[in-house]
Amino acid sequence: MGRSYPASSFRVPISMKSMRDNRRWLGIVLLIVASSAAAPAAESPRARPSRLAGRVPLAVVQTQGSEAAPRDAELRETARRGIAALMNGDPDGAIEIFQQIQKADPQSPLGYLFEADATWWTIYLTTGNLVDPDVFDVARSSTSPYDSHFEDMVNAAIRKANARVHAHQDEARNYLYEGMAYGLRGRFYGLRDNDLPTARAGKKMRALLLTALKMDPSLEDAYLGLGIYNYFVDTLPTIVKMLKFLIGLPAGGRELGLEQLRRAADKGDLARDEAKFYLAKDFSRRSEAEFDESLELFQQLAREYPDNMLWTLLVGSLQIRLGHTQQGEDLYRDAFTKTKGMQSEVGQALHREARKALLRRHPEERFEN
């Protein structure tokens with residue numbers, strides 16, 4: 001990624017051309033919106049979902065007869081359960097929850113949007129580089145078996161959100177949902193290193209999120225998308241100059257972006273945990289060098305979602321960066337042991353990443369799969 005770390009941190013430093021570094025980071029501008037979801041702002045911390053809540057069935061309160069669709073607030077409550085399962089390393093379980101939303105209200109974009117989100121995480125976890133400190137989202141392959149389903153879910157979310165906007169049904173929220181879907185589309189292109197379609201989707205996403213906030217300033221989750229957009233557009237001058245000329249990409253602002261990410265992490269509802277993830281990744285960049293803050297955020301995620309070995313691996317990576325070599329390697333070994341024998345594709349992928357991280361530290365050792 002155009003940067004290297006001392007041997008005390010990693011045995012194999014990362015070194016790439018600066019232009020490719022810019023392209024990699026541009027791709028993550030859109031990683032944001034998939035995880036954002038609209039919900040009224042809360043000044044006091046919300047009750048966190050149980051780690052087992054992902055298996056709780058959808059509770060639909062139908063006050064207008066058996067055919068009445070649940071209100072969006074009820075659907076969002078179910079979405080929280082799915083997000084808890086997703087953040088705890090169970091995208092398959094999360095998809096089951098999101099499909100309950102689709103059945104409860106087939107015209108709502110919410111269930112399709114978050115099924116696309118969970119599908120993207122499956123693609124990322126099974127094909128991405130998860131441990132290297134300067135890599136945000138880089139796929140090892142140009143396709144995956146999940147691509148077609150991901151595109152179907154994104155397109156469905158866009159259609160359904162747009163239809164409700166045109167029908168003047170909860171317009172602010174549906175502008176936000178539509179923006180999140182465009183963000184997911186860009187996130188997918190970014191994973192595949194396709195800069196121009198990534199930027200186009202990001203531009204569309206930004207406009208929709210701003211429209212949503214103008215109509216309803218309480219939609220705090222929108223600041224996740226805006227925050228990452230503003231931060232990375234301001235920190236990628238070479239690529240951004242070219243894209244500004246090609247598609248009129250709006251300018252960003254580094255400080256504003258970080259402030260918006262903090263706001264989403266503090267006040268967001270469905271986007272709170274993923275805002276912590278992206279803020280932690282920003283702090284872990286050498287240009288920011290806020291490694292202690294990054295570590296604290298990843299540790300919060302690891303405590304809240306201990307079954308997701310991604311958080312364990314990322315905490316281990318930060319510990320090593322801070323010179324806490326033994327703590328970091330112990331976490332790598334913990335992730336390696338806990339994922340051994342897992343049957344899910346995601347579990348197997350995390351096992352491979354843990355093994356790769358250990359081999360980087362100890363190439364002379366044998367780490368059996």
**OP:** Quick one: pull up CG in Leu75 and CZ in Arg80 and give me the separation to the nearest 0.5 Å.
**Re:** 10.5 Å
Original post:
Which atoms form the tightest heavy-atom contact between Val154 and Ala181, and what is the distance?
Top reply: CG1-O, 3.6 Å
Original post:
To the nearest 0.5 Å, what is the distance between CD (Glu74) and CD1 (Ile101)?
Top reply: 11.5 Å
Original post:
Would Glu329 and Arg360 satisfy salt bridge (Lys or Arg N to Asp or Glu O under 4.0 Å), going step by step from the backbone distance to the final call?
Top reply: CA-CA 11 Å; Glu329 291 185 7; Arg360 178 183 297 137; over 6 Å; no
Subject >> Any side-chain heavy-atom pair of Asn129 and Lys356 under 4.5 Å >> reply: yes
Subject >> Heavy-atom pair of closest approach, residues Ala265 and Lys276 >> reply: CB-CG, 4.1 Å
Subject >> Nearest-0.5 Å distance that lies between atom CD1 in Ile97 and atom CG in Asp92 >> reply: 12.0 Å
Original post:
Under 4.5 Å between any side-chain heavy atoms of Arg81 and Glu77, yes or no?
Top reply: yes
Subject >> Minimal non-hydrogen separation, Phe291 against Arg285, with atom names >> reply: CE2-O, 4.3 Å
Original post:
Got a second to check how far Ser294's OG is from Leu279's CG, nearest 0.5 Å?
Top reply: 8.5 Å
**OP:** Please answer: with hydrophobic residues joined when any side-chain heavy atoms are less than 4.5 Å apart, are Ile320 and Leu322 in the same cluster?
**Re:** yes
Original post:
Do Leu295 and Gln319 have side chains that get closer than 4.5 Å, going by heavy atoms?
Top reply: yes
Subject >> Test item: Arg272 and Asp266 side chains (from C-beta on) under 4.5 Å apart, heavy atoms >> reply: no
Original post:
How would you list, by chain and number, every residue that makes a side-chain contact (heavy atoms from CB on, under 4.5 Å) with Glu365, sequence neighbours excluded?
Top reply: Arg333, His362, Phe367
Original post:
Would Phe232 and Asp282 satisfy side-chain contact (heavy atoms from CB on, under 4.5 Å), going step by step from the backbone distance to the final call?
Top reply: CA-CA 9 Å; Phe232 283 103; Asp282 291 347; 3.0 Å; yes
Original post:
Is it true that Leu318 and Leu358 fall in one hydrophobic cluster, defined by side-chain heavy atoms closer than 4.5 Å?
Top reply: yes
Original post:
Under the side-chain contact (heavy atoms from CB on, under 4.5 Å) test, which residues partner Gln102, sequence neighbours left out?
Top reply: Gln99, Tyr112, Glu115, Met153
Original post:
Nearest 0.5 Å, what's the CG-CG distance between Asp292 and Leu297?
Top reply: 11.0 Å
Subject >> Donor-acceptor pair between His351 and Gln348 side chains, under 3.5 angstrom >> reply: no
Original post:
Under 6.0 Å from the CD atom of Gln169, do we count more than 12 heavy atoms belonging to anything else shown?
Top reply: yes
Original post:
Does one side chain, of Tyr177 or Asp72, offer a donor that lies under 3.5 Å from an acceptor on the other?
Top reply: yes
Original post:
Is a side-chain N or O of Lys338 found less than 3.5 angstrom from the main chain of Met309, in a donor-acceptor match?
Top reply: no
Subject >> Asp117 and Arg187 ion-paired at < 4.0 Å >> reply: yes
Original post:
Backbone N or O of Gln300 within a donor-acceptor pair of the Trp311 side chain at under 3.5 Å?
Top reply: no
Original post:
Among the clusters formed by ILVMFWY side chains lying less than 4.5 Å apart, do Tyr146 and Trp120 turn up in the same one?
Top reply: yes
**OP:** Using atom types as modelled and distance alone, determine if a side-chain donor or acceptor of Gln326 lies under 3.5 Å from a backbone N or O of His324.
**Re:** no
**OP:** Check whether Leu270 and Phe98 end up in the same hydrophobic cluster, where Ile, Leu, Val, Met, Phe, Trp and Tyr are linked by side-chain heavy atoms less than 4.5 Å apart.
**Re:** yes
Original post:
Does the side-chain contact (heavy atoms from CB on, under 4.5 Å) test come out yes or no for Leu210 and Lys214, once each step is laid out?
Top reply: CA-CA 6 Å; Leu210 290 173; Lys214 184 176 181 180; over 6 Å; no
Original post:
Would you say the side-chain atoms of Thr198 pair up with the backbone N or O of Asn194, donor to acceptor, closer than 3.5 Å?
Top reply: yes
**OP:** Please answer whether the main-chain N or O of Leu256 pairs with a side-chain N or O of Asn230 as donor and acceptor at a distance below 3.5 Å.
**Re:** no
Original post:
Is a side-chain N or O of Asn155 found less than 3.5 angstrom from the main chain of Glu151, in a donor-acceptor match?
Top reply: yes
Original post:
Are Val131 and Tyr305 grouped together when hydrophobic residues (ILVMFWY) are joined by side-chain heavy atoms under 4.5 angstrom apart?
Top reply: yes
Original post:
Do you know which two heavy atoms are closest between Tyr175 and Ala212, and how far apart they sit?
Top reply: CB-CB, 4.0 Å
**OP:** Indicate yes or no: does Lys281 engage Glu274 in a salt bridge with an N to O separation below 4.0 Å.
**Re:** no
**OP:** Determine, stepwise, if the pair Arg254 / Glu288 fulfils side-chain contact (heavy atoms from CB on, under 4.5 Å).
**Re:** CA-CA 11 Å; Arg254 172 185 163 276; Glu288 300 296 335; 2.7 Å; yes
Subject >> side-chain hydrogen bond (donor to acceptor under 3.5 Å, both in side chains) partners for Arg200, two or more places apart >> reply: none
Original post:
If every non-hydrogen atom of Pro91 is compared with every non-hydrogen atom of Val346, which pair is closest and at what distance?
Top reply: CG-CG2, 3.8 Å
**OP:** Looking only at non-hydrogen atoms, find the nearest pair between Pro109 and Ala161 and report the distance.
**Re:** CB-N, 3.8 Å
**OP:** Test side-chain contact (heavy atoms from CB on, under 4.5 Å) on Glu259 and Tyr231 and set out the steps.
**Re:** CA-CA 9 Å; Glu259 178 185 342; Tyr231 178 83; over 6 Å; no
**OP:** For Arg262, enumerate each residue passing the side-chain hydrogen bond (donor to acceptor under 3.5 Å, both in side chains) test, keeping only those at least two apart in sequence or located in another chain.
**Re:** none
Original post:
Does Asn308 reach the main-chain N or O of Met87 with its side chain, forming a donor-acceptor pair under 3.5 Å?
Top reply: yes
Original post:
Does the side chain of Arg206 reach to within under 4.5 Å of the side chain of Leu249, using non-hydrogen atoms?
Top reply: no
Subject >> Side-chain heavy-atom pair Phe150, Leu184 within 4.5 angstrom cut-off >> reply: yes
Original post:
Is there side-chain contact between Phe114 and Leu86, with at least one heavy-atom pair below 4.5 Å?
Top reply: no
Original post:
Does Arg263 make a cation-pi contact with Tyr223 (under 6.0 Å, within 45 degrees of the axis)?
Top reply: yes
Subject >> Main-chain N/O of Ser144 paired to Asp147 side chain as donor or acceptor, under 3.5 Å >> reply: yes
**OP:** Any chance you could measure Tyr278, atom OH, to Asp273, atom CG, to the nearest 0.5 Å?
**Re:** 12.0 Å
**OP:** Without swapping roles, check the side chain of Asn174 against the backbone of Asp170 for a donor-acceptor pair under 3.5 Å.
**Re:** yes
**OP:** Output all residues satisfying side-chain contact (heavy atoms from CB on, under 4.5 Å) with Ala73, sequence neighbours left out; order by chain, then residue number.
**Re:** Arg71, Arg76
Original post:
What pairs with Glu293 under side-chain contact (heavy atoms from CB on, under 4.5 Å), at least two apart in sequence or on another chain?
Top reply: Phe283, Glu290
Original post:
Does the side chain of Leu130 reach to within under 4.5 Å of the side chain of Tyr124, using non-hydrogen atoms?
Top reply: yes
